[in-house]
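All chains are named by letter (A, B, ...) in the order of the sequence lines, taking the proteins before the strands, and each is independently numbered beginning at 1.
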Amino acid sequence: MSIELNLDGTPRTVSVAARKPGWRLTVDGTPYTVSEEQGEDCVLLTVGERRYRVWRALEGNRVHLKIGGRTFSLGYEEEVSAAAHAGAAGHEVHADMPGVVVDVHCGPDAIVSAGDALLVIESMKMQITITAPRDGVVAMVHVAKNQPFEKGNLLVSLRDEEA
Amino acid sequence: MLKKILIANRGEIACRIMRTAQRLGIGTVAVHHFADRAAPHVALADEARELHAEVPTAAYLDAEQLIAAAQATGAEGIHPGYGFLSENAGFAAKVEAAGLVFIGPQPGVIELMGDKIRSREFAQAHGVPVAPSIEQEGDLAAFVAGAEAIGFPLLIKAAAGGGGKGMSIVRNAQELAARATIASSEAQRYFADGRIYAERYVERPRHIEVQVLGDGTGTVLHLFERECSIQRRFQKIVEESPAARLAPELREKICSAAVKLASSAKYRNAGTVEFILAPNGEFYFLEMNTRLQVEHPVTEYVTGLDLVEAQLRVAAGETLWLEQADVKLTGHAIECRICAEQPEHDFRPATGTVRKLRIPTGEGVRFDGGIREGQAITAAFDSMLAKLVVHGADRHAATDMIRDALEEFVLLGVDNNSDYLGRIFDHEAFRAGDLHTGFVVEHAAGLAPPPLDATDEAAVLLAAALATEELRRLIDEVPEPHASIGGWRN
């Protein structure tokens, strides 16, 4: 029994080894002595010898937190498998923010290399070039010039080059 | 003094203007699009009017609705803030024609300074140094040939633009034509005017700007300079006053040039004259912003003056109540802009919902924000969420203070640049005052998030896992006998 978390695209596992006398939790199998107490407006987390101030917020399957002066956002459970799936395939280029298509630089059956410009989009008053995440062939362009899109929309799908 | 004003803006700047108005006993009217109905600036105002538009930003750009709202609420003046209609001469003229006070400069002065080419000619005519340049008059090909004759590197920008939109640096003839075409298309998109403009680009330039205050009679004071050299995508993210390492005689020359320009225009309002400063001490006029600047708080800290109050007083017809010698600079102030973006992905704008907000407080710490927990940050508006400003005894102390304040600042749910800003203030080049507008690019590697060691990384994962009910349940469900020996099993 464990919790799956995704830190910067890498799936990680946290599980419980012991509850008493203190918590002993494992990260990818490595055990840590852990305790938590409530601070003034934050949680004070002790891991081994180190103590951290932690602020947290849950949002669906994500945990946002500030710890040790740095901010992180991690997905857990279902989100891990979804992300791993998308990462492994890499066939689809999704919008990670809403915007509008300014220019389309590719068409169906175009052979592209990782980093090639696929689209130019505009979001929050900035033009951004969307590039191919890997080598491949454009299977379909799902948007047209001047078309608005939402966060998460499929923009371009790729397929493997035929041998 | 005016009795009631309408603030034709939103976000942090609307809140900031209202605070001064309220301190002075001036009534405040907020305007808002439906999407902003629960925004902080609406709650802070004495009264609020909804503006109707399909696209949220369009509401704040609708001159007729704004003027009608002012008249319906009995407001005597309109404060435009920055952005939106703040530098729109047509709007200023309409406000005046409606018998209201425009809290800003004369419409003709806005028009003059809003045109990059005319303002540059005006500066040149009044002895203010400008960089060699060329503007597009005919087709793009002729422009490209003329630009090539100035020599590289060149800075290309929209003739009608500002704020870094449609700007690019071109280093050789091969890329000139393509970049000019892109700049022209962006200029057309953003400003509905495709004309572009090129000028000599200064390597390792510093951005130095001078805060001025004029009453419309030709009397103008300077409120010293600000250094805004830390920029990304040509937009400022860190500003300070005074400038880091600026020889007193050079400061005097730059401030005098700014006063000369504003005085020649009989400028009325607070305003900013921007310069680029070359490593050899030469400086060139960039543009004049005829409005309150985002970074005005650093000037307020070091001079002790309230710039919104000053704007309100000169707008109401008061002549300047200070002499240059009365304006004193004390200590050092630094501001950083907290933006919804991903610094590690080329500063791409981010959206989301503010899930947690913790605002640093303390002596010499100021937070100008227009956000609250639960607020959705959408792509509809600018990505700047708030400004964190500090005032210390000297630059070193101020840098420590803003570093500490960022440590205490928490914003969760929307990706933002607060960690990145912290790394700027930790950087030895920043600490040494070795600044230029390419700072962010030059030090990209040193400004990237440092890798976590194994324990810190485990702490991140454990802290996240402990936020989930699932892990809490797992802890509770560990059977007692197993749990009690769990730690001893190996």
Side-chain angles (χ1 to χ4, degrees), chain A residues 1-3 5 7 12-25 27-28 30-34 36 41-43 45 47-50 52 54-59 62-74 76-77 96-99 102 122-128 151, chain B residues 163 165 182 186 189-190 233 340-341 346-353 355-356 358 378-383 406-407 410-413 415-416 418-419 422 449 452 454-468 470-471 474-478 480 482-489:
Chain A
M1 289 293 283
S2 62
I3 299 287
L5 292 145
L7 178 61
R12 313 294 296 270
T13 305
V14 173
S15 63
V16 185
R19 173 152 68 106
K20 283 186 174 177
W23 291 346
R24 208 152 160 80
L25 308 179
V27 175
D28 294 339
T30 306
Y32 292 89
T33 304
V34 180
E36 248 191 1
D41 74 331
C42 62
V43 166
L45 177 75
V47 176
E49 307 273 286
R50 295 190 201 167
Y52 303 87
V54 182
W55 290 270
R56 288 187 289 225
L58 271 173
E59 183 175 27
R62 292 201 80 72
V63 184
H64 307 289
L65 71 159
K66 180 159 184 173
I67 174 169
R70 286 172 67 168
T71 312
F72 299 89
S73 183
L74 294 84
Y76 71 100
E77 288 204 324
D96 52 11
M97 61 195 138
V102 174
E122 182 179 317
S123 184
M124 288 172 121
K125 299 194 270 178
M126 262 188 260
Q127 289 199 3
I128 295 156
K151 181 175 176 172
Chain B
K165 310 282 189 290
I182 295 171
E186 286 196 16
R189 289 179 63 76
Y190 293 121
R233 291 175 174 267
E341 65 187 20
D346 204 20
F347 304 97
R348 208 178 263 196
T351 58
T353 300
R355 297 294 172 186
K356 187 160 209 61
R358 180 176 191 265
T378 68
F381 296 111
D382 192 83
S383 63
L406 279 168
E407 191 87 22
V410 180
L411 169 56
L412 300 180
D415 289 335
N416 66 85
S418 57
D419 294 359
L452 295 166
T455 306
D456 285 348
E457 191 179 73
V460 171
L461 290 156
L462 291 163
L466 285 164
T468 68
E470 287 81 351
L471 189 76
L474 285 182
I475 291 174
D476 290 341
E477 281 168 4
V478 173
E480 205 59 28
H482 178 77
S484 61
I485 60 165
W488 307 95
R489 288 216 296 187

Measure B:L466 against the heavy atoms of chain A and call it side chain, backbone, both or neither at under 4.5 Å. both
Chain B heavy atoms under 4.5 Å from A:L65: which part of the residue, side chain, backbone, both or neither? both
B:D419/A:R70 ion pair, N-O < 4.0 Å: no
B:A380 versus chain A, heavy atoms under 4.5 Å apart: side chain, backbone, both or neither? neither
Would you mind telling me which of B:T351, B:V460, B:N416, B:D415 has the largest number of heavy-atom pairs within less than 4.5 Å of chain A? B:V460
Only pairs of heavy atoms separated by less than 4.5 Å count here; which of B:P349, B:A340, B:A458 has the most with chain A? B:P349
Can you tell me which portion of A:E49 sits under 4.5 Å from chain B's heavy atoms? Options are side chain, backbone, both or neither. neither
Roughly how far, to the nearest 0.5 Å, is the NZ atom of A:K20 from the CD1 atom of B:I475? 13.0 Å
If you compare all heavy atoms of B:A464 against all heavy atoms of A:V63, which two are closest, and at what distance to 0.1 Å? O-CG2, 3.7 Å
Side-chain contact test, heavy atoms from C-beta onward, threshold under 4.5 Å: evaluate it for A:L25 versus A:Y32 and give yes or no. no
Please state whether the side chain, the backbone, both or neither of B:D456 comes within less than 4.5 Å of a heavy atom of chain A. both
Is it the side chain or the backbone of A:S2 that comes within 4.5 Å of chain B heavy atoms, both, or neither? backbone
Per-residue tally against chain A (heavy atom, under 4.5 Å) across B:S383, B:G352, B:A350, B:A459 peaks at B:A459
Engaged part of A:V47 at the chain B interface, taking heavy atoms whose separation is under 4.5 Å: both
Strictly distance-based, threshold 3.5 Å: is any side-chain N or O of A:R12 a donor or acceptor partner for the main-chain N or O of A:V27? no
Taking all non-hydrogen atoms of both residues, which atom of A:W55 and which atom of B:L412 are closest, and how far apart? O-CD1, 3.5 Å
Using non-hydrogen atoms only, which part of A:R56 is less than 4.5 Å away from chain B: side chain, backbone, both, or neither? both
Counting heavy-atom pairs closer than 4.5 Å to chain A, which one of B:P449, B:G422, B:G413 comes out on top? B:G413
Nearest 0.5 Å, what's the OG1-NZ distance between A:T71 and B:K356? 13.0 Å
